[in-house]
Amino acid sequence: MLGLKLPTDPRWVNIVEKNIEEILTDHAFCEQKATSTAISLIVSFPEYTDLVQEMTALVKEEISHFKMVHDKIIERGWVLGRDRRDDYVLQLIKFFPKGGSRTTQLTHRLLYAALIEARSCERFRLLSEELEDQELATFYRNLMVSEANHYTMFLGFARQYGDKKEVDTKWQALLEYEAEIMRNLGTYESIHG
Ligand SMILES: [Fe+2]
Ligand SMILES: [Fe+2]
């Protein structure tokens with residue numbers, strides 16, 4: 001599923017389960033960052049009309065996910081904490097060299113976004129299957145469906161705007177690199193940790 005090279009060890013859910021407040025806080029900011037990424041793509045690449053249209057829709061969807069998670073935090077009697085550092089993403093975005101043509105920079109950003117969506121979707125699926133908290137499991141099942149569409153949309157745009165063969169080669173290389181990052185993760189109660 002999703003082309004990922006290394007599945008998450010299901011024991012990660014046991015870690016998450018011990019600290020639901022922490023995972024919800026981290027998750028809320030993942031949705032905020034997804035919103036910010038969509039806005040940033042509009043600002044950086046306004047001439048890509050199809051992309052701008054889709055990113056506009058995505059901003060609304062991701063901020064509505066943020067609200068869904070925020071509502072869960074409130075329901076449980078908590079207050080949203082500060083943003084957490086996402087070491088996974090910080091490592092991931094080191095893969096492609098900086099610079100290059102505008103199209104190259106765009107395709108790199110789209111591939112990063114596709115991969116982050118794919119991994120998030122995999123983590124949501126695991127939460128939906130393994131969490132003992134049934135209310136939260138259902139919540140993650142619903143989110144999983146929309147995140148799967150996001151992954152294919154970003155990958156589709158990368159193939160549409162870049163050279164398809166080159167993009168596919170880069171995508172495979174990025175998947176390999178991501179699997180290496182994941183080998184050292186799965187030990188912390190965050191969406192990508
Ligand atoms: Fe989302
Ligand atoms: Fe998403």
Side-chain angles (χ1 to χ4, degrees), residues 1-4 7-8 12-13 16 20-45 48 50-76 80-81 83-93 106-129 131 135-161 171 174-175 178 181-182 185 189-193:
M1 180 206 179
L2 305 162
L4 298 170
T8 297
W12 166 75
V13 180
V16 167
I20 299 290
E21 187 177 1
E22 181 63 30
I23 191 82
L24 287 177
T25 303
D26 182 68
H27 180 184
F29 285 106
C30 287
E31 301 294 354
Q32 171 267 314
K33 283 169 202 147
T35 310
S36 301
T37 297
I39 293 172
S40 162
L41 283 166
I42 294 172
V43 175
S44 301
F45 301 97
Y48 290 82
D50 295 349
L51 180 72
V52 172
Q53 286 288 88
E54 285 297 325
M55 289 304 107
T56 307
L58 189 64
V59 168
K60 287 191 203 160
E61 195 183 344
E62 298 291 16
I63 203 67
S64 81
H65 291 169
F66 173 84
K67 179 168 166 43
M68 284 160 68
V69 182
H70 191 224
D71 287 347
K72 280 269 163 287
I73 290 171
I74 295 168
E75 269 167 42
R76 291 180 183 228
L80 177 65
D83 187 12
R84 280 24 178 184
R85 216 170 77 132
D86 194 331
D87 288 319
Y88 164 81
V89 171
L90 291 174
Q91 281 189 65
L92 188 72
I93 60 171
L106 171 61
T107 52
H108 290 171
R109 283 177 64 180
L110 292 169
L111 290 178
Y112 286 143
L115 193 32
I116 295 165
E117 292 284 357
R119 181 59 74 182
S120 307
C121 183
E122 190 244 8
R123 289 286 175 96
F124 291 170
R125 191 197 57 191
L126 208 54
L127 292 171
S128 77
E129 289 171 356
L131 276 176
E135 194 229 328
L136 219 52
T138 307
F139 178 69
Y140 279 107
R141 190 166 312 114
N142 295 334
L143 273 179
M144 180 190 83
V145 177
S146 66
E147 302 300 344
N149 294 333
H150 297 168
Y151 140 73
T152 48
M153 174 191 61
F154 279 117
L155 191 56
F157 275 130
R159 287 176 173 148
Q160 179 184 333
Y161 296 133
W171 175 241
L174 185 63
L175 283 168
E178 197 259 1
I181 298 174
M182 286 313 296
L185 295 174
E189 58 271 55
S190 66
I191 295 295
H192 303 124

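Counting starts at 1 for both ligands and their atoms, in listed order. Being a predicted model, the structure only gives us computed values, none of them experimental.
Rounding to the nearest 0.5 angstrom, the gap separating the CD atom in Glu129 from the CZ atom in Arg141 is 8.0 Å.
Taking the ring pair (Phe, Tyr, Trp, His ring centres under 6.0 Å) definition, one finds that His108 meets it with Phe96, sequence neighbours left out.
Between the Asp26 side chain and the Ile191 main chain, a donor and an acceptor come within less than 3.5 Å of each other. Side-chain N or O atoms of Tyr88 include none that pairs as donor or acceptor with a backbone N or O of Gly193 at under 3.5 Å.
Shown here are the protein N/O/S atoms lying under 2.8 Å from the Fe ion (ligand 2), water excluded: Glu62 OE2, Glu117 OE1, Glu117 OE2, Glu147 OE1, His150 ND1.
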For Tyr140 and His27, what are the C-alpha separation, side-chain angles and deciding distance, and is it a ring-ring contact (aromatic ring centres under 6.0 Å, His included)?
CA-CA 11 Å; Tyr140 279 107; His27 180 184; 5.3 Å; yes
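For the residue pair Arg123 and Thr8, a side-chain donor N or O sits within less than 3.5 Å of a side-chain acceptor on the partner.
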